[in-house]
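Residue numbers start at 1 and run along the sequence shown. What you are looking at is a predicted structure, and each value in this text was computed from that prediction instead of being measured.
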Amino acid sequence: MPRLACKIPNEVALACSGGYDSMSVLSFLLRGRRRVELLHYNHGTPGSKEAEDFVTEVAENCGLKLRVGRPAEEIKSTEQAWRNARYHFFSKSKLPVVMAHHLNDAAEWWIFSSLRGRPSLMPISRMHEGVKIIRPFMYFSKDQLLNHNTLGGINDPSNSDVSFSRNRIRKNVMPEALKVNPGLLKTISNMYERSHG
């Protein structure tokens, strides 16, 4: 099993969309007997009600506290606007917030930032509005992370919309990048190793 990119405290909040990645992380945390509070943000997009209902059911079945956020007013349907709304909601947590990002996400982010002229690695740990955001699974490939899933998950229909840059990179650019460099995930992992010792 890959090592964790950073230590996970015994008590954390998990950014939980209800997708397979976040449910895999929840499975991992519960197996490690950590105390977990779930943070779910409902953007009001197609599929949002199904996602909230699913996360609510999981929280009830596992006996976990759940906090749900919603936009106070209609926000622009852009990746950046949605991201800002989510992170503002996460910033109200009194606990460190665990994100379910993994090595595939890190590679996609590196490609996205490189295409915009500022290649960068997704941070493993950072402060956001006074709350610590951590990404302990940055050395796990998506497949390695999904191996921990015992809770299922749902698919967000917006993940298939290639009008969003993130989805276009995931569905169109990443497969081609992996043909050019089949070891791309290892390359990104090595970059993290060099930058974090």
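Residues S17 and H40 come closest through the heavy atom pair O-CE1, 3.4 Å. Closest heavy-atom contact between S189 and L103: N-CD1, 3.9 Å. Nearest heavy-atom pair across G69 and F89 is N-CZ, 3.4 Å. The two residues N149 and M23 make their nearest non-hydrogen contact at ND2-CB, 4.0 Å. Counting all heavy atoms, side chain and backbone alike, A15 lies closest to S22 at O-CB, 3.7 Å. For the pair L145 and F137, the tightest heavy-atom approach, listed with the atom from each and the gap, is CD1-CD2, 3.9 Å.
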> Taking it one step at a time, do H102 and M138 satisfy side chain to side chain contact (heavy atoms under 4.5 Å, CB included)?
Replying inline: CA-CA 4 Å; H102 46 69; M138 299 303 276; 5.8 Å; no

> When you look at E108 and R168, which way does the salt bridge (Lys or Arg N to Asp or Glu O under 4.0 Å) test go after all the steps?
Replying inline: CA-CA 10 Å; E108 291 163 12; R168 183 172 294 149; over 6 Å; no

>> If you apply the rule side chain to side chain contact (heavy atoms under 4.5 Å, CB included), what do you find for V97 with L14, and how did you get there?
In response: CA-CA 6 Å; V97 177; L14 171 64; over 6 Å; no

> V131 and M127: side chain to side chain contact (heavy atoms under 4.5 Å, CB included), yes or no, with the steps?
Replying inline: CA-CA 5 Å; V131 172; M127 297 299 294; 5.7 Å; no

>> Using ring-ring contact (aromatic ring centres under 6.0 Å, His included), reason through H88 and F90 one step at a time and then give a plain yes or no.
In response: CA-CA 5 Å; H88 180 68; F90 298 155; over 10 Å; no

> L39 and C16: side chain to side chain contact (heavy atoms under 4.5 Å, CB included), yes or no, with the steps?
Replying inline: CA-CA 6 Å; L39 303 178; C16 186; over 6 Å; no

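Using a cutoff of 4.0 Å between basic side-chain nitrogens and carboxylate oxygens, K49 and E52 are not scored as salt-bridged.
V12 and L66 fall within a single hydrophobic cluster, where Ile, Leu, Val, Met, Phe, Trp and Tyr are joined by side-chain heavy atoms under 4.5 Å apart, directly or via other members. Hydrophobic clustering (ILVMFWY, side-chain heavy atoms < 4.5 Å, transitive): V36 and L95 are in distinct clusters. Follow the hydrophobic side-chain contacts under 4.5 Å out from V25 and you never reach Y20; the two are in separate clusters.
Counting non-hydrogen atoms of other residues, nucleotides and ligands closer than 6.0 Å to CZ of R31 gives a total above 12. For R67, the CZ atom counts as loosely surrounded, since its 6.0 Å shell holds 12 or fewer non-hydrogen atoms of other residues, nucleotides or ligands.
M99 places a side-chain heavy atom less than 4.5 Å from the side chain of Y87. Residues V68 and Y41 form no side-chain contact, since every pair of their non-hydrogen atoms from C-beta on lies 4.5 Å or further apart. K92 is not listed as a side-chain neighbour of E129, based on a closest heavy-atom distance of 4.5 Å or more. At a threshold of 4.5 Å between non-hydrogen side-chain atoms, the residues L184 and M174 count as touching. Between N190 and T187, the closest side-chain pair of non-hydrogen atoms is not below 4.5 Å. A 4.5 Å side-chain heavy-atom check between S120 and W110 finds every atom pair outside the cut-off. Contact annotation: the side chain of C62 approaches that of L30 to within less than 4.5 Å [non-hydrogen atoms, C-beta and beyond]. Side-chain contact check for L121 versus I188: some heavy-atom pair is nearer than 4.5 Å.
Put simply, the side chain of Y139 never gets that close to the backbone of A5: no donor and acceptor are under 3.5 Å apart. A donor-acceptor contact shorter than 3.5 Å is absent between the side chain of E57 and the backbone of F54.
Expressed to the nearest 0.5 Å, how far CD1 of I111 lies from CZ of R166 amounts to 14.5 Å. Taken to the nearest 0.5 Å, the CG atom of N181 stands 12.5 Å off from the NZ atom of K186. To the nearest 0.5 Å, the span separating CG on N42 from OG1 on T56 amounts to 9.5 Å. In this structure, the separation between CD1 on I133 and OG on S125 is 9.0 Å, given to the nearest 0.5 Å. To the nearest 0.5 angstrom, L64 atom CG is 5.0 Å from L38 atom CG. In this structure, CD1 in I134 is found 4.5 Å from SG in C6, a value given to the nearest 0.5 Å.
For the pairing with L26, the side chain to side chain contact (heavy atoms under 4.5 Å, CB included) check across V58, V98, T150, V55 returns one residue only, V58.
Sequence neighbours left out, the pairs with a member in residues 130-146 that pass salt bridge (Lys or Arg N to Asp or Glu O under 4.0 Å) are D21-K142.
Taking the six-membered ring where tryptophan is involved, the planes of W109 and F112 are tilted, since the angle between them lies from 30° to 60°. Using the six-membered ring where Trp is involved, F28 and F140 have ring planes that are perpendicular, over 60° apart on the 30 and 60° scheme.
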